[in-house]
Amino acid sequence: MNRLAQELAELIRQEGPISISRYMALCLGHPSHGYYMKQDPFGACGDFTTAPEISQIFGELIGLWAASVWQAMDAPASVRLIEIGPGRGTLMQDMLRAARALPGFGAALSVHLVETSPVLRERQRETLAASGVAAHWHERIDHALEGPAIVVANEFLDALPLDQFVRTQDGWRERLVGLDGEGRLAFGLSGESDGSLAIVAPPGSVLEQPAAALEAVAAVARHVAAEGGAGLFIDYGPARSGFGDTLQALKRHAFVDVLAEPGDADLTVHVDFARMAQAGLATGAAAQGPVTQRDFLLALGLQQRLEALSLRATPAQAETLASGAERLIETGPTAMGDLFKVLAVADPKLPMLPGFDLHRLPEQG
Ligand code: SAH
């Protein structure tokens with residue numbers, strides 16, 4: 001057992017089994033042993049790779065998207081460009097390079113980053129300093145939201161803790177992390193069923209309650225509905241709600257046991273986009289999408305951008321650009337283009353935003 005596993009076992013001995021959300025929050029955010037607190041998990045040598053790390057085209061297209069939103073907002077003289085969970089800062093760097101194509105936008109924007117990890121803040125500082133950008137960091141989303149805002153979050157919602165409930169013969173019971181006979185971390189169920197969940201499902205069904213993600217989307221939606229702007233959430237997960245346990249642990253690009261290496265493996269969940277859209281709508285904002293990442297990026301001009309970049313590239317660079325772009329839009333149930341969805345929450349006074357106007361998800365059976 002690693003250090004965090006020992007600490008969790010001690011906590012469970014003292015207080016009893018803990019919720020899945022508390023387990024996730026400690027694995028990811030424990031001040032000294034939390035996954036994001038102690039390392040930079042990205043890249044080929046890390047545990048996973050994200051879209052901005054695969055291709056510069058991803059961030060460039062989102063930068064152009066942000067510029068269009070600014071124009072649709074009637075080009076305010078000052079606007080916050082906010083990124084939540086910016087990783088290495090690559091997405092923001094690429095966005096800003098593309099956004100400068102519209103000089104008025106470049107002059108109006110100020111850059112704000114919401115990041116809890118000191119290690120990643122440092123990485124972001126290095127990345128953005130190299131491109132000469134002054135950025136402001138915030139610990140929490142509500143601290144960053146002020147005035148007209150364009151908010152972007154890629155692979156952020158999947159890192160937020162959720163709770164799980166399992167349907168049994170006598171109702172919903174909460175899934176918990178406790179200890180087995182040998183003192184190792186093990187899943188179990190609460191003794192009492194939760195009477196507040198009035199949802200019917202076959203025994204064995206798992207219901208996830210992503211309270212933190214719903215609140216994050218609602219906070220952005222509430223703000224842009226009141227102050228102007230839009231928020232863009234990109235992540236993996238279904239367009240429609242369903243039952244199922246989506247908690248997964250990833251280490252060096254492979255799935256591992258969720259309880260085996262707390263704090264040493266990345267822990268994520270799939271994002272329920274239908275519920276995220278509802279959370280946005282409930283605040284009075286408009287919701288656009290979800291659409292697939294493939295449809296979104298193609299509608300924003302991925303092919304044209306690839307062609308333009310390839311003209312100036314060496315054959316080897318053109319090859320890398322083409323394979324990166326292809327990976328972003330690849331189809332298939334576990335491929336990025338289909339698995340990843342894009343949702344916007346927006347000031348209802350704004351028109352349909354780029355990427356959402358033409359392409360809609362086909363009806364699913
Ligand atoms: N958007 C980046 C990184 C995704 S990983 C990319 O696409 O490459 C998730 C990011 O969210 C990391 O930067 C992590 O430190 C940050 N994060 C996780 N939980 C957070 C929280 N509660 N508040 C703010 N940032 C958080």
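Each ligand, and each atom within it, is numbered from 1 in the order the structure gives.
Checking only distances, Glu155 never comes within under 3.5 Å of ligand 1, N or O to N or O. Residue contacts with ligand 1: Leu120 is placed with no nitrogen or oxygen under 3.5 Å of a nitrogen or oxygen of the ligand (distance criterion only). Any N or O atom pair closer than 3.5 Å counts here, and Gly87 shares at least one such pair with ligand 1.
Note: the hydrophobic cluster containing Met336 does not contain Phe273 (ILVMFWY, side chain heavy atoms under 4.5 Å, direct or indirect links). A chain of hydrophobic side-chain contacts below 4.5 Å, direct or via other Ile, Leu, Val, Met, Phe, Trp or Tyr residues, connects Leu297 to Tyr236.
Classification of the Phe296-Phe356 ring pair by plane angle, with boundaries at 30° and 60°, yields tilted. The aromatic rings of Phe105 and Trp70 are tilted relative to each other, their planes meeting at an angle between 30° and 60°.
The shortest heavy-atom distance from Thr116 to ligand 1 is under 4.0 Å.
Among protein heavy atoms, atom 5 (S) of ligand 1 sits closest to Tyr36 OH, 3.5 Å. Looking only at heavy atoms of the protein, atom 8 (O) of ligand 1 is closest to Thr50 OG1, 2.5 Å. The nearest protein atom to atom 7 (O) of ligand 1, hydrogens excluded, is given as Asn154 ND2, 2.7 Å; this is a heavy-atom distance. With respect to atom 2 (C) of ligand 1, the closest heavy atom belonging to the protein is Gly85 O, 3.3 Å. Protein heavy atom in closest approach to atom 22 (N) of ligand 1: Leu160 CD2, 3.9 Å. The protein atom (non-hydrogen) at minimum distance from atom 14 (C) of ligand 1 is Glu115 OE2, 3.5 Å.
Proximity of Val269 to Pro210: side-chain heavy atoms (C-beta onward) are nowhere separated by under 4.5 Å. Residues Cys27 and Tyr35 form no side-chain contact, since every pair of their non-hydrogen atoms from C-beta on lies 4.5 Å or further apart.
No option in Leu259, Asp257, Ile18 other than Leu259 meets the side-chain contact (heavy atoms from CB on, under 4.5 Å) test with Leu185.
Each of the following atoms of ligand 1 lies closer than 4.0 Å to a heavy atom of Ser117: 15 (O). Atom numbering of ligand 1 starts at 1 in the shown order; those under 4.0 Å from a heavy atom of Pro52 are 6 (C), 7 (O), 8 (O).
When all heavy atoms are compared, the tightest approach of Gly147 to His223 is O-NE2, 2.7 Å.
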